[in-house]
Amino acid sequence: MIFVANWKMQMPYHDAIAFYTQHSSDLQELSAHTNSTLVLCPSFICLAPLAALAKNSPIKIGAQHCSTYSAGPYTGQVDALSLAQAGCSYSLVGHSETRNMTHETSTDLIGQITQLAANNIIPIICIGETESEHQADTGLEALTAQLEGLKSILAQQLSIPYMIAYEPVWAIGTGITPCAADLNDIRAYIRNTIRRLKFCTPQALLYGGSVNPTTIKILASANCFDGYLIGSASLDFQTLKKIVSWATRVV
Ligand code: PGA
């Protein structure tokens with residue numbers, strides 16, 4: 001399984017380095033013991049030092065975002081080549097928080113995926129319905145629209161694998177998650193939509209949104225995802241370990 005720790009802007013520079021140095025062997029042991037890939041996504045400034053520390057280990061480093069452009073006058077943006085040079089092997093794309101803050105369109109996301117693929121970085125593409133779409137029972141239409149927006153890039157053979165992370169926006173940071181039956185239905189719906197749109201097959205389908213040691217028991221019982229995208233519960237190693245151990249049934 002794959003577990004992606006999205007530290008957002010919740011782990012300052014010194015804490016991120018300390019987390020890794022303190023838990024380097026724990027992380028490696030956890031990864032080996034559970035046969036899992038662990039990806040840490042710290043803020044941009046922590047990427048290079050963490051990747052240097054994790055070099056020659058099974059722990060992978062991922063970015064939380066990447067520019068749509070390869071280079072140019074884009075103040076505040078970080079290009080995919082720099083991410084690759086810093087040692088990133090994954091990047092989130094279209095997380096709901098970045099979609100909201102930067103008003104990203106499908107065209108922007110296609111640009112990001114293109115840049116990441118050109119630099120051998122695996123995109124983890126986030127999709128999910130909002131609270132109001134969930135309430136209005138239009139969640140599946142929202143997911144379809146988000147996937148359809150990426151048809152021009154995902155319906156062709158990419159030079160790298162990609163992953164889809166289903167993250168209902170109403171579940172992020174709320175402690176609430178969909179029930180196992182709904183997760184099964186949504187996973188099937190996403191798989192069918194991907195097939196209908198003739199996308200190349202994603203390497204993994206992840207779930208994200210309030211994954212913690214309690215909710216993982218319900219989430220894992222659905223047994224339908226290849227891994228999890230974990231926000232606040234990934235900031236503490238023991239909490240992360242509980243999630244990984246439960247999800248992989250090494251308890
Ligand atoms: P959460 O965040 O686990 O804190 O809900 C998940 C995410 O936003 O990726």
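As the structure lists them, so they are numbered: ligands from 1, and atoms in each ligand from 1.
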A.B. asks: Taking the side chain as everything from C-beta on, heavy atoms only, tell me whether Cys66 gets closer than 4.5 Å to Val93.
C.D. replies: no
A.B. asks: Under 4.5 Å between any side-chain heavy atoms of Thr193 and Glu148, yes or no?
C.D. replies: no
A.B. asks: Salt bridge between Asp226 and Arg191, side-chain N to carboxylate O under 4.0 Å?
C.D. replies: yes
A.B. asks: Does anything in residues 120-170 pair up under ring-ring contact (aromatic ring centres under 6.0 Å, His included), and if so which pairs, sequence neighbours excluded?
C.D. replies: His134-Trp170
A.B. asks: Is it the side chain (CB and beyond), the backbone, both or neither of Ile172 that lies under 4.0 Å from ligand 1, heavy atoms counted?
C.D. replies: both
A.B. asks: Are any of the N or O atoms of Lys8 closer than 3.5 Å to those of ligand 1?
C.D. replies: yes
A.B. asks: Please identify which atoms of ligand 1 are closer than 4.0 Å to at least one heavy atom of Leu229.
C.D. replies: 9 (O)
A.B. asks: To check your reading of the model: name the closest protein heavy atom to atom 3 (O) of ligand 1, its residue, and the distance in Å.
C.D. replies: Gly231 N, 2.9 Å
A.B. asks: According to the interplanar angle, ranging from 0 to 90°, do the rings of Tyr74 and Tyr69 count as parallel (below 30°), tilted (30 to 60°) or perpendicular (above 60°)?
C.D. replies: parallel
A.B. asks: Hey, does Ala233 sit under 4.0 Å from ligand 1 if you only count heavy atoms?
C.D. replies: no
A.B. asks: I'd like to know whether ligand 1 has Ser210 as a neighbour, heavy-atom separation below 4.0 Å.
C.D. replies: yes
A.B. asks: With a 6.0 Å cut-off (strictly less than), is the heavy-atom count around CD1 of Ile218, excluding the residue itself, greater than 12?
C.D. replies: yes
A.B. asks: Under 4.0 Å from any heavy atom of Gly209, which atoms of ligand 1 are there?
C.D. replies: 5 (O)
A.B. asks: Suppose we measure from atom 4 (O) of ligand 1 to each protein heavy atom; which comes out shortest, and what is that distance?
C.D. replies: Ser232 N, 3.0 Å
A.B. asks: What residue and atom, counting heavy atoms only, is the protein's closest point to atom 7 (C) of ligand 1, and at what distance?
C.D. replies: Glu167 OE2, 3.2 Å
A.B. asks: Pairs of nitrogen or oxygen atoms closer than 3.5 Å, one from Gly173 and one from ligand 1: do any exist?
C.D. replies: yes
A.B. asks: By number and element, which atoms of ligand 1 are closer than 4.0 Å to a non-hydrogen atom of His95?
C.D. replies: 7 (C), 8 (O), 9 (O)
A.B. asks: Take the angle between the ring planes of Phe237 and His23 and call it parallel below 30°, perpendicular above 60°, tilted in between.
C.D. replies: parallel
A.B. asks: Applying salt bridge (charged side-chain N to carboxylate O under 4.0 Å, His left out), which residue pairs with at least one partner in residues 93-121 are found, sequence neighbours left out?
C.D. replies: Lys8-Glu97
